[in-house]
Amino acid sequence: MGGVTTPAADLWHHYGRARRALDRTVPDRFFWNWGQNAGPGAEILGDVTGRCVGDLGAGAARHAAHLAVHHRPSRVVAVDASPAQHTMAEDLYGHLASRLRLVHSNVPRHLHATADTYDVLYSVFGAVDFTEPRELLPAAAAALRPGGRLVFSTLAHHLGGEPAHPDVQTTEIGAKTPDGAAATMHRWILQEQVWTKLLDEAGFTRISAETLPGGAGPRAADTLLVTAFRPGRPAV
């Protein structure tokens, strides 16, 4: 899904494996919040009918599968750099190949190779969280068609309650290699004004953000939901 401090290891190997055994359905709802249980849904993406939509850091592609089945995009492309996550997505949703394309790729590399392709790009605690934003956001702007929309949800603060960073700084978070050894990876947990500045520098306009409350619990977290557009008039 994003950059790691142990490049040779797939640090997403264990993520979501237990759920795959218990839940193989296409979700009937689309959530942006950290708890995946409340808040706005796919309507934040705008009308995706007949549009090309990309999920950046799609993981098991559950959000992408929802869009492919319950909405009417021309195509949904779910991109993830993790071999384990890509394999899991193929196992769960490979049967949706006529509507859902699963791509195993570094996300910025994929975006650079697909200039002026997408009408909508989104990330639900995905590649935007785990990729150097000064690399990812310009690539996303280039991959969007004029008037295209980027939407992403990210942590509004650290899970322990510490504030988000006031500048472009990474946070080291714990992870595990496929054999279970402890490792770390980078996560970008930034304040709203930092994201706004980065998006502006990447060429986006009409930038807006809202905070979705995290509720109660030791690992509850507020979500920052951000929307931005590539300048220009969308194709009719």
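- In terms of the ring-ring contact (aromatic ring centres under 6.0 Å, His included) criterion, residue partners of H71 (sequence neighbours excluded) are, by chain and number, H66.
- Remark: H14 engages no residue in a ring-ring contact (aromatic ring centres under 6.0 Å, His included) (not counting sequence neighbours).
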_Worked verdict on R145 versus D119 for salt bridge (Lys or Arg N to Asp or Glu O under 4.0 Å)_ = CA-CA 6 Å; R145 294 177 176 139; D119 299 293; 2.9 Å; yes
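- With sequence neighbours excluded, the residues satisfying side-chain contact (heavy atoms from CB on, under 4.5 Å) with T114 are H110, T117, Y118, A143.
- Under the 4.5 Å side-chain heavy-atom criterion for Ile, Leu, Val, Met, Phe, Trp and Tyr, L100 and F30 are members of the same hydrophobic cluster.
- For residues 68-78, no residue pair satisfies the salt bridge (Lys or Arg N to Asp or Glu O under 4.0 Å) rule, not counting sequence neighbours.
- Every side-chain contact (heavy atoms from CB on, under 4.5 Å) that D179 has, sequence neighbours left out, goes to T177, A181.
- Taken together through direct or relayed side-chain contacts under 4.5 Å among Ile, Leu, Val, Met, Phe, Trp and Tyr, L121 and F229 form parts of separate hydrophobic clusters.
- A donor-acceptor pair under 3.5 Å is formed between the side chain of H104 and the backbone N or O of A81.
- Of all heavy-atom pairs between N33 and A38, the closest is OD1-O, 2.9 Å.
- One hydrophobic cluster holds both V48 and V124 under the rule that ILVMFWY side chains link at heavy-atom gaps under 4.5 Å.
- By the criterion of side-chain heavy atoms lying less than 4.5 angstrom apart, applied directly or through intervening Ile, Leu, Val, Met, Phe, Trp or Tyr residues, I189 is grouped together with W32 in one hydrophobic cluster.
- Applying the salt bridge (Lys or Arg N to Asp or Glu O under 4.0 Å) rule to D222 yields no partners; only residues at least two apart in sequence or on another chain are considered.
- Other residues, nucleotides and ligands contribute at most 12 non-hydrogen atoms within 6.0 Å of the CD atom of E162.
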*Would you please test T171 and H186 for side chain to side chain donor-acceptor pair (under 3.5 Å) and show each step?*
CA-CA 6 Å; T171 296; H186 296 313; over 6 Å; no
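- Every pair passing salt bridge (Lys or Arg N to Asp or Glu O under 4.0 Å) that includes a residue from residues 121-133 is listed here, sequence neighbours excluded: D129-R187, E132-R134.
- In this structure, the side-chain contact (heavy atoms from CB on, under 4.5 Å) partners of R99, at least two apart in sequence or on a different chain, are A68, V69, L96.
- The ring-ring contact (aromatic ring centres under 6.0 Å, His included) test with F130 singles out one residue from W188, Y15, F125, W12, and that residue is W12.
- The backbone N or O of S82 sits nowhere less than 3.5 Å from a side-chain atom of D10 that would complete a donor-acceptor pair.
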Side-chain polar contacts of residues 198-208 - donor-acceptor pairs under 3.5 angstrom, sequence neighbours left out - could you list them?
unit_1	atom_1	unit_2	atom_2	d
E201	OE2	K197	NZ	2.4

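- Every residue meeting the ring-ring contact (aromatic ring centres under 6.0 Å, His included) condition with F152, not counting sequence neighbours, appears here in chain and number order: W195.
- Scanning for ring-ring contact (aromatic ring centres under 6.0 Å, His included) contacts around H95 gives an empty result, with sequence neighbours left out.
- A search for side-chain contact (heavy atoms from CB on, under 4.5 Å) contacts involving Q191 returns A164, P166, Q193, V194, not counting sequence neighbours.
- Judged purely by atom type and a 3.5 angstrom limit, E43 has no side-chain atom pairing as donor or acceptor with the backbone of P40.
- For the residue pair R62 and Y93, a side-chain donor N or O sits within less than 3.5 Å of a side-chain acceptor on the partner.
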